[in-house]
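Note that the coordinates shown come from a computational prediction; the quantities given were computed from them, not determined experimentally.
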Amino acid sequence: MLVAAAVCPHPPLLVPQAAGAAAPELDDVRAACAAAVGSLLNARPDVLAVTGGAEVFASFPDDAAGTLRPWGPDVRVGPGDPVLPLSLTIGRWLLERPHTMGPDAEVTPKPPSGLPVLRFEAVGFDASPDECAALGGRLAGSAGRVALLVMGDGSARRTEKAPGYVHPDAVPYDGMLAAALASGDIGRLLDLDPGEARELWAAGRAAFQVLAGAAREVPPTTAELLYDDAPYGVGYFVARWIW
């Protein structure tokens, strides 16, 4: 059963070595992510599943690794081969992040002791809502106590600085996502339209629907939005749900 869930964004710039001198600009996001991930670990799960968008569905084992080499420095996480897509690489980095968060932090974070069994599940960016919800249901039922780390961004079309430039529906769309994450509104997440998400460059749509599918049988007792902003024109949310 699901005991805790967290939502975090997955830009490469979340990692200080990739951000360089601009690293302090995302300190607030990192602090919120640390609080959300801490809630997952405090729930003492048997399995901690990390899910995020990718080109195709894929499952990766506990020791799967990732690298940020395509986005700059060769920051690596995990002991195995670097096979994780970006979303899951950032998710693993959040779980293994060093205590020092400045630009001089260690290049290879050392994992904290006592991590539960990890699972990494990539969900296709274009997966249907039913496929996403089904994956969430399987993850929720995969162990007696399951925590879920959901990696997903909002619209990348919110301002002139955004990768997709400006779309008039981007800010209202992200407002709807923020409200759903703040209130634990599973129905609203399940109803997200893939076509609208593509139009608005909302890369987290599929991952958010995995979360909704995982929580569909038993909604969370507590939902909290820890961060909601668009520092580079892309919607970033940090939330935690507790059962």
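When hydrophobic clusters are built by joining Ile, Leu, Val, Met, Phe, Trp and Tyr residues whose side-chain heavy atoms come closer than 4.5 Å, directly or via intermediates, Phe237 is not grouped with Tyr227. No single ILVMFWY cluster, assembled from side-chain heavy atoms under 4.5 Å apart, contains both Val210 and Phe120. With hydrophobic clusters built from ILVMFWY side chains whose heavy atoms lie under 4.5 angstrom apart, Leu41 shares a cluster with Met151.
Rounding to the nearest 0.5 angstrom, the gap separating the CG atom in Leu177 from the CG atom in Asp228 is 9.5 Å. Taking CG of Leu200 as the reference point, atom CD of Glu196 lies at 5.5 Å (rounded to 0.5 Å). Rounding to the nearest 0.5 angstrom, the gap separating the CG atom in Leu118 from the CZ atom in Phe60 is 14.0 Å.
When all heavy atoms are compared, the tightest approach of Ala206 to Gly124 is CB-O, 3.5 Å.
Judged as a salt bridge (Lys or Arg N to Asp or Glu O under 4.0 Å), and not counting sequence neighbours, the contacts of Asp126 are Arg198. When the salt bridge (Lys or Arg N to Asp or Glu O under 4.0 Å) test is applied to Arg216, no partner is found at least two apart in sequence or on another chain.
Side-chain atoms of Val150 and Cys8, non-hydrogen and from C-beta on, never get closer than 4.5 Å to each other. Using a 4.5 Å cut-off on side-chain heavy atoms (C-beta onward), Pro129 and Leu190 make no contact. Looking at heavy atoms from C-beta onward, Pro231 lies in side-chain contact with Leu26 at the 4.5 angstrom threshold. Two residues are said to be in side-chain contact when any heavy atoms from C-beta on lie closer than 4.5 Å; Val29 and Pro9 meet this criterion. Counting only heavy atoms from C-beta outward, the side chains of Val77 and Thr89 approach each other to under 4.5 Å. Counting only heavy atoms from C-beta outward, the side chains of Val166 and Glu160 approach each other to under 4.5 Å.
Heavy atoms from other residues, nucleotides or ligands lying under 6.0 Å from CD of Glu217 number 12 at most. Other residues, nucleotides and ligands place no more than 12 heavy atoms under 6.0 Å from the CG atom of Asp81.
For the pair Arg76 and Asp74, the salt-bridge criterion is met [side-chain N within less than 4.0 Å of a carboxylate O]. A salt bridge is absent between Asp191 and Arg188: the closest approach of a Lys/Arg side-chain nitrogen to an acidic carboxylate oxygen does not fall below 4.0 angstrom.
Sorted by first and then second residue, the side chain to side chain donor-acceptor pair (under 3.5 Å) pairs involving residues 203-213 (not counting sequence neighbours) are Arg205-Gln209. Pairs passing the side chain to side chain donor-acceptor pair (under 3.5 Å) check and including a residue from residues 169-179, sequence neighbours excluded, read Arg158-Asp174. Within the structure, side chain to side chain donor-acceptor pair (under 3.5 Å) pairs that include any residue of residues 232-243 comprise Glu25-Tyr232, Ser39-Arg240, Glu224-Arg240 (at least two apart or interchain). Listed by first and then second residue, the side chain to side chain donor-acceptor pair (under 3.5 Å) pairs involving residues 53-66 are Ser59-Glu121 (not counting sequence neighbours).
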Working for side-chain contact (heavy atoms from CB on, under 4.5 Å), residues Leu211 and Leu148: CA-CA 8 Å; Leu211 169 62; Leu148 185 61; 4.2 Å; yes

